[in-house]
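Letters A, B, ... are given to chains in the order of the sequence lines, protein chains preceding strands, and every chain is numbered from 1.
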Protein chains: 2
Amino acid sequence: MQTTQMLKGIIDGCILSIIQEGEVYGYELASKLDDYGFESFSEGTIYPILIRLQKDKLIQSTLKKSTAGPKRKYYSLTEKGEGELASFHMRWNQLSNTVNQILHKGE
Amino acid sequence: MQTTQMLKGIIDGCILSIIQEGEVYGYELASKLDDYGFESFSEGTIYPILIRLQKDKLIQSTLKKSTAGPKRKYYSLTEKGEGELASFHMRWNQLSNTVNQILHKGE
DNA sequence: GAGTATACCTTGTTTTACAAGATAGCTAAC
DNA sequence: GTTAGCTATCTTGTAAAACAAGGTATACTC
């Protein structure tokens, strides 16, 4: 049981939340997640999630020139994505309350 | 993306925590988790996890007679399990801080 | 034109969550 | 004594997720 194995599904919500703050592209997202403390997210994790989120119509993308390197694919939230993010907020609150209750029962 | 899909790996820690409070058997654990708010954990989820935790030597079991029905397999934490639980506490705190930071960035 | 950094994507493996169903013990009622 | 119902555990099979590893391509600098 490692840190990263706890995150399944939660990353989706975090990614949606970061995208909501402003358009980002995958490569940038990887370093943002790293800054936040998610150290173990390689691009092999992030790109498939972005593709899945777009397939589910939660995010949309536009290509823009990079200052150095190939074109960047910038993502932004769709309306459906905003709804999903709001729903994730509630699920996360409930989850974290439940887990905290279990972990701190005896205190 | 449903509630239960966020829980991967976290349930392990919650189960360890509940077992630490006192010996429990699988069937009882299912209803305890339900009481705490994890509504969607069937026995098909819980028993395989118990088996895995025991295989990893984090918990140990003893059979005891039931008042009604077949014998119950009571689980308790091993020393290794207590270490893992402590480690889970830290991982959970870090995770929940990180996620809360991301979700409440703009507030 | 070689090297380096940027940027994206794919493949294959392992683990997880879970639904569904199999198995079996005990008690009570009939 | 057998049926019904609750208790209790376990197995099988499926789908999805996380990830490591590797592949491809663009642009800048020297």
Write out all pairs satisfying salt bridge (Lys or Arg N to Asp or Glu O under 4.0 Å) with one or both partners inside residues 60-73 of chain A, taking only residues at least two apart or from two chains.
A:Glu23-A:Lys64
For atom [atom1] of [X] and atom [atom2] of [N], their distance in whole Å:
| X | N | atom1 | atom2 | value |
| --- | --- | --- | --- | --- |
| A:Ile46 | C:dT6 | CD1 | C1' | 15 Å |
| A:Asp12 | D:dA16 | CG | C1' | 11 Å |
| B:Leu29 | D:dC10 | CG | P | 13 Å |
| A:Ile11 | D:dA16 | CD1 | P | 17 Å |
| B:Asp56 | C:dT16 | CG | C1' | 13 Å |
| B:Ile10 | C:dA17 | CD1 | P | 9 Å |
| B:Arg52 | D:dT9 | CZ | P | 18 Å |

Heteroatom pairs (N/O) under 3.5 angstrom, protein to nucleotides 7-11 of chain C:
from: C:dA7; atom 1: OP1; to: A:Ser66; atom 2: OG; distance (Å): 2.9
from: C:dA7; atom 1: OP1; to: A:Arg72; atom 2: NE; distance (Å): 2.3
from: C:dA7; atom 1: OP1; to: A:Arg72; atom 2: NH2; distance (Å): 2.3
from: C:dA7; atom 1: OP2; to: A:Tyr25; atom 2: OH; distance (Å): 3.0
from: C:dC8; atom 1: OP1; to: A:Lys73; atom 2: N; distance (Å): 2.6
from: C:dC8; atom 1: OP2; to: A:Gly26; atom 2: N; distance (Å): 3.4
from: C:dC8; atom 1: OP2; to: A:Tyr27; atom 2: N; distance (Å): 2.7
from: C:dC8; atom 1: OP2; to: A:Tyr47; atom 2: OH; distance (Å): 2.9
from: C:dC8; atom 1: O5'; to: A:Tyr47; atom 2: OH; distance (Å): 3.4
from: C:dC8; atom 1: N4; to: A:Glu43; atom 2: OE1; distance (Å): 2.9
from: C:dC9; atom 1: OP1; to: A:Lys73; atom 2: NZ; distance (Å): 2.4

Where at least one partner belongs to residues 50-69 of chain B, residue pairs that pass ring pair (Phe, Tyr, Trp, His ring centres under 6.0 Å), sequence neighbours excluded
none
By side-chain hydrogen bond (donor to acceptor under 3.5 Å, both in side chains), which residues pair with [X], not counting sequence neighbours?
| X | result |
| --- | --- |
| A:Thr98 | none |
| B:Tyr47 | none |
| A:Glu43 | none |

Backbone N/O of A:Asn93 and side chain of A:Asn97: donor-acceptor pair under 3.5 Å
yes
Residue whose closest nucleotide on DNA chain D lies nearer the 5' end, A:Ile49 versus A:Lys65
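That would be A:Ile49.
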